[in-house]
Enquirer: 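The structure follows.
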Amino acid sequence: MVTGLVPARRKGEPGGERKLSDSQPLSPKCLFASGAVLSNSHAMKILVIGSGGREHALVWKLAQSPHARRLWCAPGNAGISQERLAANGHPVECVPIGAEDLTGLLQFAREQRPDLTVVGPDNPLALGVVDLFREHGLRIWGPDQRAAQFEASKAFSQAFMERHGIPTARSGVFCDFASASRFAAELGGRCAVKADGLALGKGVLICRNMAQADAALEEVLVKRAFGSAGDRVVIQELLEGTEISLHALCDGRTAKLFPTSQDHKRVGDGDQGPNTGGMGTYSPTPFVSAAELISLGRKVLDPWLKGCAAEGIDYRGILYPGVMLTKSGPKVLEFNSRFGDPETQVYLTRLENDLLEVLEASVNGTLEGVELRWKEAASVCVVMASGGYPGSYPKGKVIHGLDAAAALPNTKVFHAGTAWKDGTMVTNGGRVLGVTAWAPDLPAARIAAYAAVERITFEGAQFRRDIAAKALAR
Ligand code: AMP
Ligand code: GLY
């Protein structure tokens, strides 16, 4: 088994040169395994699926590749449509095909023949877009439907973790209210009740007593609040500690661990109010040392890779474990089978490699010879959201100040919910912008991100003022 764990490069450590094992065959399939063998004549057409801040970050980084000669995003957003390719100045083209319209995506890809399709969100992965494209001879990056179960079924993930000794919360999987309630009672009602399937990020209910646990179980199993996603529930003991996001790029045999990051899921300062898709992130987390990151990889990724090998799961894509650092060690809360949003925004503003090359290596099974290199910098992303989010919110509010923010150094404003209306940029979603800045250290990155946020206005805009503050207070 190969783990290939590479922690973030530390100050003073050598880095920069790429490693390609001498035994690595230079077949056409692995031409992109090392930048050393890639020439600019490898012109590529790329299709990115998705429309959020994560996809803007993916497009922005892919557009910097000297190999990217044409880039489409389906369906994309207004910010994505403003990107241009570094190689030839061509604009990125947004095509009006939804991320879950597999028929439309396939038809487009069969007509345009992208050399690589990159999948952003979880839903198309769970629907089997990777399997479908492969059946038609189209190269695509992301886990296939079986591998995507790590996110699409929490019951699958929980059972896998238990089979393979991956540290996780004490848990049970249930289909009926009575046995679920009995298990919740064994935990004193302090538990997380999770709908098994995909539920737009809303399927986890945190309970602190039996009344809340029974109400949550009633909601999922009886009232069917999440439809068939709630056919089964996973109940986990409630874990206390610090939550972090891990990301690892995988090629079926090797997993390359990214530096750590931390999301801020609650809508309000001080982690108050309802859960959201994520209101801001930063990377790295200063409270996890390089040695601790290696240890996390050994505890989580080694058994995960072994388990995948034993069960014949060929995982090519990003594995994103949500991890709670508890007093009794790290415990995996869940696995996601895609890049986090807004984790991607802080990762890709730190990644030095050509993203296209590393995604190629992930598809080709040649990641072992690739070294991921990260800027000696911290990155902070502050999400600006529509008033009312994560509840209902208005759309069509004019956004001011984007040019002023873009003029700041080491700053990138990623768009999530934006659209063009009569030539003007307007809001078009709950999370609107991911204002991201990087600097030599976390305090400076934080100041820079908020300096950019201060330049941007739209009616009803809300954002947290404490992104990364907890890390600095520790
Ligand atoms: P998940 O989608 O499973 O990551 O859950 C959403 C959020 O609920 C996580 O990011 C945690 O903040 C919280 N959560 C999930 N499981 C637990 C648990 N067992 N204990 C405490 N908090 C949890
Ligand atoms: N940052 C949370 C998520 O992507 O699920």
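Just so it is clear, the model here is predicted, and its values are computed rather than measured. Atom set for the values below is all heavy atoms of this structure, side chains included, hydrogens, waters and symmetry mates excluded. Counting starts at 1 for both ligands and their atoms, in listed order.
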Enquirer: Examine distances only and state if a side-chain atom of R232 and a backbone atom of A155 form a donor-acceptor pair shorter than 3.5 Å.
Expert: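 Checking the backbone N and O of A155 against the side chain of R232, no donor-acceptor pair under 3.5 Å is found.
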
Enquirer: Run the contact test for G277 against ligand 2 with a 4.0 Å cut-off on heavy atoms, strictly below, and give the result.
Expert: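 The answer is yes, since G277 has a heavy atom less than 4.0 Å from ligand 2.
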
Enquirer: Using a 4.0 Å cutoff against the non-hydrogen atoms of D263, which atoms of ligand 2 qualify?
Expert: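 What qualifies from ligand 2 is 1 (N), 2 (C).
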
Enquirer: Does the residue G278 have a heavy-atom contact with ligand 2, meaning some pair of atoms that are separated by less than 4.0 Å?
Expert: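 Contact absent.
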
Enquirer: With a 4.0 Å heavy-atom cut-off, what residues sit around ligand 1?
Expert: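 Heavy-atom contacts below 4.0 Å: K154, A192, K194, V204, I206, Q236, E237, L238, L239, E243, K265, M324, L333, E334.
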
Enquirer: Measure the distances from the heavy atoms of N336 to every atom of ligand 2 and state whether one is below 4.0 angstrom.
Expert: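 Checking ligand 2 against N336, which is what was asked, there is no heavy-atom contact under 4.0 Å.
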
Enquirer: Backbone N or O of Q149 within a donor-acceptor pair of the S153 side chain at under 3.5 Å?
Expert: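 No, S153 side chain to Q149 backbone: no donor-acceptor pair under 3.5 Å.
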
Enquirer: Could you go through residues 119-133 and list every donor-acceptor pair under 3.5 Å that involves a side-chain atom there, pairing it with any protein atom two or more places apart or in another chain?
Expert:
unit_1: N123; atom_1: ND2; unit_2: E100; atom_2: OE2; d: 2.9
unit_1: D131; atom_1: OD1; unit_2: Q145; atom_2: N; d: 2.9

Enquirer: Taking non-hydrogen atoms only, is E343 closer than 4.0 angstrom to ligand 2 via side chain, backbone, both or neither?
Expert: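 Just the side chain.
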
Enquirer: Run the numbers for me: atoms of ligand 2, each under 4.0 Å from some heavy atom of G340, listed by number.
Expert: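 Counting atoms of ligand 2 from 1, those under 4.0 Å from G340 are 4 (O).
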
Enquirer: Considering only heavy atoms, does R338 approach ligand 2 within less than 4.0 Å through its side chain, its backbone, both, or neither?
Expert: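 Under 4.0 Å from ligand 2, R338 contributes side-chain atoms alone.
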
Enquirer: May I ask you to identify, for F339, whether its side chain, its backbone, both or neither come under 4.0 Å of ligand 2 on a heavy-atom basis?
Expert: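 None of F339 does.
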
Enquirer: Compute the centroid of each ring, for F339 and then for Y320, and state whether the two points are separated by less than 6.0 Å.
Expert: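 No, too far apart.
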
Enquirer: Which heavy atom of V193 sits nearest a heavy atom of C207, and at what distance?
Expert: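 Closest pair (atom of V193, atom of C207, distance): CG2-SG, 4.0 Å.
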
Enquirer: Under a 3.5 Å distance rule, please check whether T344 uses its side chain to pair with a backbone N or O of G340 as donor and acceptor.
Expert: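 Yes.
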
Enquirer: Side chain of Q262, backbone of T281: donor and acceptor closer than 3.5 Å?
Expert: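 Not a single qualifying donor-acceptor pair exists.
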
Enquirer: Please give me the minimum heavy-atom distance between A378 and A445, naming the atom from each residue.
Expert: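 The answer is O-CB, 3.5 Å.
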
Enquirer: Do R224 and E218 meet the salt-bridge criterion of a basic N to acidic O distance under 4.0 Å?
Expert: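 No, E218 and R224 are not salt-bridged.
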
Enquirer: Classify the ring geometry of W304 against F335: parallel below 30°, tilted from 30° to 60°, perpendicular beyond 60°.
Expert: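 Taking F335 first and then W304, their aromatic rings sit tilted (interplane angle of 30° to 60°).
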
